[in-house]
Number of protein chains: 2
Amino acid sequence: MLRLSKLTDYAVVVLAGLDRAERNRRVMAVPEIALASGLAEPTVAKVLKILGQAGLVEGLRGARGGYRLGRALHEIPLSDVIVAFDGPIALTACVDGASGGCEAEAMCPVRGRWDPVNRAIRDALAHVTIADLAGPARCHGTPAALVLNA
Amino acid sequence: MLRLSKLTDYAVVVLAGLDRAERNRRVMAVPEIALASGLAEPTVAKVLKILGQAGLVEGLRGARGGYRLGRALHEIPLSDVIVAFDGPIALTACVDGASGGCEAEAMCPVRGRWDPVNRAIRDALAHVTIADLAGPARCHGTPAALVLNA
DNA sequence: GGAAACCGGACGCACTTGGTCCTATTTGGA
DNA sequence: TCCAAATAGGACCAAGTGCGTCCGGTTTCC
């Protein structure tokens with residue numbers, strides 16, 4: 001199915017929820033975000049921890065703490081979120097300079113040929129921002145993904 | 001990792017191996033293909049079975065049988081191979097008209113917004129042919145994937 | 001008639017994913 | 001000063017799924 005992990009999917013929803021708080025200039029705690037997004041609390045907490053490690057959100061500890069967006073949604077490319085949860089974007093195990101993982105490396109006729117494809121996918125995902133996915137309110141004109149269809 | 005299944009990876013290698021036989025206008029049996037591709041026989045057999053169901057290769061039964069390409073490599077888009085092994089190309093479970101799978105469907109702010117992204121990925125993979133991946137011999141100019149980088 | 005080869009399905013191991021929970025640390029307020 | 005609220009980080013277990021293998025059946029050529 002070429003699917004990305006559920007956590008990545010959740011992350012987009014969580015970021016979209018955080019954006020609403022951002023416009024009110026306040027932080028949101030995990031239970032509040034869970035309520036707003038319709039996801040379970042522990043799951044939301046896990047997603048936010050990972051997003052925090054990636055620098056996409058900022059966590060404020062202590063009482064009256066919570067989470068805040070690290071940047072505006074339209075400044076967060078979808079690829080950044082995917083990399084944070086699923087690791088480097090690559091369709092196959094044999095990427096770029098990586099070697100050793102493939103047993104038939106020497107005779108492989110496909111060696112190195114996947115790189116342009118991987119780059120194309122990466123670029124496509126880098127030109128879509130979370131704002132494009134978070135609803136029409138923040139959408140500046142045509143989403144970048146549509147341009148790629150031409 | 002946004003990765004596609006190993007079988008899909010193998011399929012490209014197997015198709016590239018079959019192409020060499022095609023140019024000699026003969027069929028190849030599984031053991032021969034396995035030897036040429038450096039993969040285990042049962043695995044190659046499984047890959048060819050699936051490729052046959054998808055119509056990408058043609059199986060000739062009986063003694064002196066074997067496999068033959070259904071079309072030329074440059075007429076096989078990469079997306080066809082991926083669909084045969086991984087199913088429909090979609091980054092998330094909530095695609096197009098599909099409904100019911102998501103518990104937070106009603107309140108999901110991302111609903112329907114993934115579709116353009118999925119289409120972009122599909123298009124990118126549809127414009128790359130197996131010939132582009134199978135080595136420089138059959139490559140007509142710049143691979144389509146590189147064009148998408150612009 | 002026998003051998004060679006594909007066809008279809010079933011099985012089992014192993015890895016990854018996911019959801020959950022626990023403890024430590026930090027901070028604000030009574 | 002103490003307590004409550006909240007994040008940080010890691011460990012853990014269960015479920016699903018991918019993947020390699022194998023077996024019986026069928027077809028075709030010699």
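- In this structure, the CE atom of M28(B) is 15 Å from the C1' atom of dA5(C), given to the nearest Å.
- With 3.5 Å as the limit, one finds a donor-acceptor pair spanning the side chains of D86(B) and S5(B).
- At a threshold of 4.0 angstrom between heavy atoms, the contacts of A40(B) are confined to the sugar-phosphate backbone, with no base atom among them.
- Using a 4.0 Å cut-off, no side-chain N or O of Y10(B) falls inside it from OP1 or OP2 of dC19(D).
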Handout entry: Audit row: I130(B), L78(B), side chain to side chain contact (heavy atoms under 4.5 Å, CB included) steps and yes/no
Key = CA-CA 6 Å; I130(B) 306 302; L78(B) 174 56; 4.2 Å; yes
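- Within the nucleic acid shown, L7(B) comes within 4.0 Å of sugar-phosphate atoms alone, with no base atom in reach, counting heavy atoms only.
- Contact annotation: side chain of K49(B) to base of dG9(C), donor-acceptor pair present below 3.5 Å.
- For the pair L48(A) CG and dG9(D) P, the computed distance is 13 Å after rounding to whole Å.
- Contact check, S5(B) against dC19(D): a side-chain N or O comes under 4.0 Å of OP1 or OP2.
- Nearest heavy-atom pair across E41(A) and V30(A) is O-CG1, 3.8 Å.
- In this structure, N118(A) contributes its side chain and L91(A) its backbone to a donor-acceptor pair below 3.5 Å.
- Dashed line: the shortest gap from a side-chain N or O of T43(B) to OP1 or OP2 of dT21(D) is under 4.0 Å.
- One atom, CG of D9(A), and another, C1' of dT17(C), lie 14 Å apart when rounded to the nearest Å.
- Toward the 5′ end of DNA chain C lies the nearest nucleotide of E41(A), the other residue of the pair E41(A) and R64(A) mapping further downstream.
- dA8(D) atom C1' lies 8 Å from atom CD of Q53(A), rounded to whole Å.
- Atom CG of L60(B) and atom C1' of dC29(D) are 12 Å apart (whole Å).
- The side chain of A63(A) approaches dA4(D) more closely than any other nucleotide in the set dA5(C), dA4(D), dA10(C).
- One atom, NZ of K46(B), and another, P of dG18(D), lie 10 Å apart when rounded to the nearest Å.
- Separating the CG atom of L39(B) from the C1' atom of dC19(D) is a distance of 13 Å, rounded to the nearest angstrom.
- Among the atoms of the strands shown, none is found under 4.0 Å from any heavy atom of G52(B).
- Distance CG (L51(A)) to C1' (dA8(D)): 14 Å, rounded to an integer number of Å.
- For R64(A), the CZ atom is loosely surrounded, since the number of other residues' heavy atoms within 6.0 Å does not exceed 12.
- A donor and an acceptor atom sit less than 3.5 Å apart, one in the side chain of R61(B) and one in the base of dT26(D).
- For K6(A) against dG18(C), a side-chain-to-base donor-acceptor contact under 3.5 Å is absent.
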